[in-house]
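A short worksheet on the structure shown next.
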Amino acid sequence: MIHHSQMLPQTQSLTTHLWPSLPLSKPTTITHFSPPKATPFRKSLFQTLKCSVSVASEPAHLELVRNKPFPAEVSRTIMELSSVATLSALTQDGWPLGVGVRFAVDPQGTPIVCLNASHSHFSIDRRSSLHVQLEQCGLRTPQCTIQGSLDKPEDRMALKKLHSIWERRFGEEVDENLLHVVSVERVLQMEDFQEVGTWVTSSDYKTANPDPLRDCAEKFVDEINTNNMEDVHRFCNIYVDLHFQASEAKLIWVDRLGFDMRISSPQQDVFEFRIPFPREVTDEKGAKSSFNSMSQLAWEVEKNYNAPDFKKVKQLKQIAYRGQ
């Protein structure tokens with residue numbers, strides 16, 4: 001079933017995924033995403049196999065998981081990875097004006113901007129918005145727009161904390177008198193251009209955590225798209241319910257719950273889908289381990305060494321905007 005772009009719900013639904021035990025047959029070593037030499041995949045597979053046998057009597061393979069981060073988490077991740085935004089506010093003559101600014105964020109995700117004398121044309125009405133974009137693999141640009149009040153803290157201790165955050169982010173001194181914050185009232189999170197966004201409340205945004213893989217995600221995706229294209233196409237054939245052979249396939253992004261992929265059909269239609277990890281990961285090492293395990297299983301299913309005892313991804317989103 002193919003779904004066109006639509007607004008994401010504020011609360012992500014739970015999806016049941018069935019992941020099988022690893023097979024009892026002896027695996028064949030294949031080349032894939034750089035497992036550590038000290039612990040080759042064959043050894044780790046055998047150890048996992050013993051563990052699976054020891055708990056085989058327990059029906060523990062049916063897990064209820066959320067396979068995609070909430071919009072609040074995505075917004076926090078975008079803000080953590082970005083440092084340039086468009087600040088928009090009303091001028092004194094009532095016209096809206098947007099200017100490019102650099103920004104940092106405090107531990108709750110509150111944006112800190114540095115304004116100069118040329119921004120004095122903003123009106124006394126402090127209502128403003130801060131629009132931030134994050135390009136992913138040149139194919140998708142998730143974005144968030146924070147609506148709030150542009151304020152200048154008067155407390156000296158608060159200003160010193162802002163100064164410390166700014167210096168840590170950009171490695172430079174800044175005049176504390178130029179520092180302002182955009183208090184977060186609500187956030188509009190969008191997956192890409194030409195898509196309907198999802199509104200996130202201030203409390204959800206402030207309490208959400210940015211994704212733990214954010215600092216290594218781009219490198220992870222680049223390495224797989226460069227070195228593991230055979231695995232990428234195999235994932236499309238094994239883990240996704242496709243009715244055509246993908247002519248092109250790429251990873252777009254990875255997070256703690258899985259990764260997003262984009263493919264082209266022979267008719268040049270473009271689709272996007274998500275393949276979840278068997279379980280949540282918390283760092284780059286865990287993401288690589290999960291990818292290697294999934295790669296091994298996909299290879300075994302392709303070679304008929306293992307039965308495809310899992311639910312295939314069925315939801316594909318057709319993409320109208322295709323990036324640059």
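Numbering of residues begins at 1 and proceeds along the displayed sequence. Just so you know, these numbers come straight off a predicted model, no measurement behind them. Basis for what follows: all heavy atoms, side chains included, without hydrogens, waters or symmetry-related copies.
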*Under the 6.0 Å and 45° cation-pi test, does Arg76 pair with Tyr205?*
yes
*Any side-chain donor paired with an acceptor under 3.5 Å for Gln245 and His233?*
no
_With a 3.5 Å distance limit and no angle check, can you tell me whether Asn306 reaches the backbone of Val301 through a side-chain donor-acceptor pair?_
no
*The single option from Lys311, Lys314, Lys312 passing salt bridge (Lys or Arg N to Asp or Glu O under 4.0 Å) against Asp241*: Lys314
_Check Arg234 with Asp231, please: is the shortest side-chain N to carboxylate O separation under 4.0 Å?_
yes
*Aromatic ring centroids of Tyr239 and Phe273 under 6.0 Å?*
no
_Determine whether a donor-acceptor pair (N or O, by modelled atom type, separation under 3.5 Å) exists between the side chain of Ser265 and the backbone of Gln267._
yes
*Before giving the answer on salt bridge (Lys or Arg N to Asp or Glu O under 4.0 Å), spell out for Glu248 and Arg262 the whole-Å C-alpha distance, their side-chain angles and the decisive distance to 0.1 Å.*
CA-CA 8 Å; Glu248 185 177 359; Arg262 185 168 290 191; over 6 Å; no
*Would you mind checking if Glu172 and Arg102 are paired as a salt bridge, meaning a charged N to carboxylate O distance below 4.0 Å?*
yes
*When you look at Trp199 and Gln189, which way does the side-chain contact (heavy atoms from CB on, under 4.5 Å) test go after all the steps?*
CA-CA 6 Å; Trp199 285 105; Gln189 198 274 313; over 6 Å; no
*Give a yes or no answer on whether the side chain of Lys152 reaches the backbone of Asn177 with a donor-acceptor pair at less than 3.5 Å.*
yes
_ILVMFWY network linking Ile238 to Phe235, side-chain heavy atoms under 4.5 angstrom_ = yes
*If only atom types and distance count, is the side chain of His131 paired as donor or acceptor with the main-chain N or O of Ser129 below 3.5 Å?*
no
*Donor-acceptor under 3.5 Å (Asp192 side chain, Thr141 main chain)*: yes
_Basic-acidic side-chain contact under 4.0 Å: Arg140, Asp260_ = yes
*Can you get from Leu179 to Leu150 by hopping between Ile, Leu, Val, Met, Phe, Trp and Tyr side chains that sit under 4.5 Å apart?*
no
_Ser164 side chain vs Lys160 backbone, donor-acceptor pair below 3.5 Å_ = no
*Ring-ring centroid check Phe170 Phe103, cutoff 6.0 Å*: no
*So, are Lys317 and Glu195 salt-bridged, with charged N and O less than 4.0 Å apart?*
yes
*asked:* Would the distance check show the side chain of Arg169 and the main-chain N or O of Trp166 forming a donor-acceptor pair, the cut-off being under 3.5 Å?
replied: no
*Indicate yes or no for a side-chain donor-acceptor contact from Ser183 to the backbone of Ser149 under 3.5 Å, with no hydrogens or angles considered.*
yes
*Less than 4.5 Å apart, any side-chain heavy atom of Gln133 and any of Phe193?*
yes
*Kindly indicate whether the side chain of Ile263, heavy atoms from C-beta on, has any atom under 4.5 Å from the side chain of Val270.*
no
*Indicate yes or no: at least one non-hydrogen side-chain atom of Asp215 is less than 4.5 angstrom from one of Leu81.*
yes
*Residues Arg127 and Glu185 bridged, charged N to O under 4.0 Å*: no
*Thr201 versus Asp204, side-chain donor and acceptor atoms under 3.5 Å*: yes
*Carboxylate-amine/guanidinium contact Glu176 Lys161, below 4.0 Å*: no
*On the 0 to 90° scale, with breaks at 30° and 60°, tag the Phe291-Phe220 ring pair as parallel, tilted or perpendicular.*
perpendicular
*Residue pair Arg274 / Asp255, side-chain heavy-atom distance below 4.5 Å*: yes
*In terms of hydrophobic clustering (I, L, V, M, F, W, Y; side-chain heavy atoms under 4.5 Å; direct or indirect links), are Leu87 and Val184 co-clustered?*
yes
